[in-house]
Amino acid sequence: YYEINGGFYIIFGERSESMFVDFCKTGTPSVSPSVRLWTVYHLKADHSYRVCHRPFPTGKAVLVMTISGKGFLENQGFRYTLEPGSVLLFTPDQGEFFYHTAEEIWEFWWFEISECHRLLKQNVVHSVTTDRLLTQMFEACLSSLRQGRKELASSMFLGIEAQLVHRVWQNTKRDEKQELFQKACK
């Protein structure tokens, strides 16, 4: 047997290239954040799309992700440009806020959620790579909510948010490496 991090593990068989263990153990487990998913929209809007949104109830936040085209969102005196791969998590102003198409077409996903303990930094436009996996996660979340499976849809949203945070982190690390490389080349 082998002792790993204070625990005893019995390994049967002989050591070989076909057997391995990959794991991570933390000292103190953390509690995952909870979320209430209220609404999911998938929109493909043309150049005439303009929305003046009524005030939201306190405690709600919105995550919007652009798939294609370009849109603008104005909230709390800030104007955000939302292009393909843009992700914005924001708390709507207690007054009206606005969003509209900036080009011929703007395709985006819109999630209305409970505000507390979000994983993404709010009021910052993040850039992520979109792919079929992310689209399937969005579609499954919408489908579950449409079927009245609120708990499942909310859990799926946590997976979406975790996937977005991971992609933002990957982009940040890649940008840091590129910056270091450019400094080294000078």
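All values below come from the heavy atoms of this structure, side chains included, with hydrogens, waters and symmetry mates left out. Numbers for residues simply follow the sequence, beginning at 1.
- Between Lys44 and Ile105 the shortest side-chain heavy-atom distance falls below 4.5 Å.
- Phe56 has its ring centre less than 6.0 Å from the ring centre of Phe97.
- Thr130 places none of its side-chain heavy atoms less than 4.5 Å from the side chain of Thr135.
- Within 6.0 Å of atom CD in Glu151, 12 or fewer heavy atoms from other residues, nucleotides or ligands are found, so the atom counts as exposed in its surroundings.
- In terms of modelled atom types and a separation under 3.5 Å, the side chain of Ser143 and the main chain of Ala140 share no donor-acceptor contact.
- Distance alone, capped at 3.5 Å, places no donor-acceptor pair between the Arg167 side chain and the Val128 backbone.
- Between the side chain of Asn171 and the main chain of Ser127, a donor-acceptor pair closer than 3.5 Å is present.
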Hey, mind stepping through Trp109 and Leu142 against side-chain contact (heavy atoms from CB on, under 4.5 Å) and telling me if it holds? CA-CA 10 Å; Trp109 285 86; Leu142 175 59; 4.0 Å; yes
Verdict with reasoning, Leu73 to Phe90, per side-chain contact (heavy atoms from CB on, under 4.5 Å): CA-CA 10 Å; Leu73 185 138; Phe90 71 98; 3.6 Å; yes
With side-chain contact (heavy atoms from CB on, under 4.5 Å) as the test, would you mind laying out the steps for Glu74 and His100 before giving the verdict? CA-CA 9 Å; Glu74 297 174 34; His100 60 91; 4.2 Å; yes
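- Under the 4.5 Å side-chain criterion, counting only non-hydrogen atoms from C-beta, Val125 is not in contact with Thr81.
- Between the side chain of Thr101 and the backbone N or O of His47, no donor-acceptor pair lies under 3.5 Å.
- Classification of the His53-Trp110 ring pair by plane angle, with boundaries at 30° and 60°, yields parallel.
- Ring centroids of Phe111 and Tyr41 are separated by 6.0 Å or more, keeping the two rings apart.
- Other residues, nucleotides and ligands contribute more than 12 heavy atoms inside 6.0 Å of the CZ atom of Arg132.
- Using a distance-only test at 3.5 Å, with no hydrogens or angles considered, no donor-acceptor pair links the side chain of Asn75 to the main chain of Phe78.
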Apply the test side-chain contact (heavy atoms from CB on, under 4.5 Å) to residues Ser144 and Met156: give CA-CA distance (whole Å), side-chain angles for both, the deciding distance (0.1 Å), then the verdict. CA-CA 9 Å; Ser144 295; Met156 286 180 168; 3.5 Å; yes
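- Expressed to the nearest 0.5 Å, how far CG of Leu164 lies from CG of Leu119 amounts to 10.0 Å.
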Please set out all donor-acceptor pairs under 3.5 angstrom arising from side-chain atoms of residues 61-71, sequence neighbours excluded.
from	atom 1	to	atom 2	distance (Å)
Thr66	OG1	Trp106	NE1	3.0
Ser68	OG	Glu107	OE1	3.4

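- Remark: Arg50 fails to qualify as a cation-pi partner of Tyr99 under the 6.0 Å distance and 45° angle criteria applied to the six-membered ring.
- Panel note: side chain Gln163, backbone Leu133; no donor-acceptor pair is recorded below 3.5 Å.
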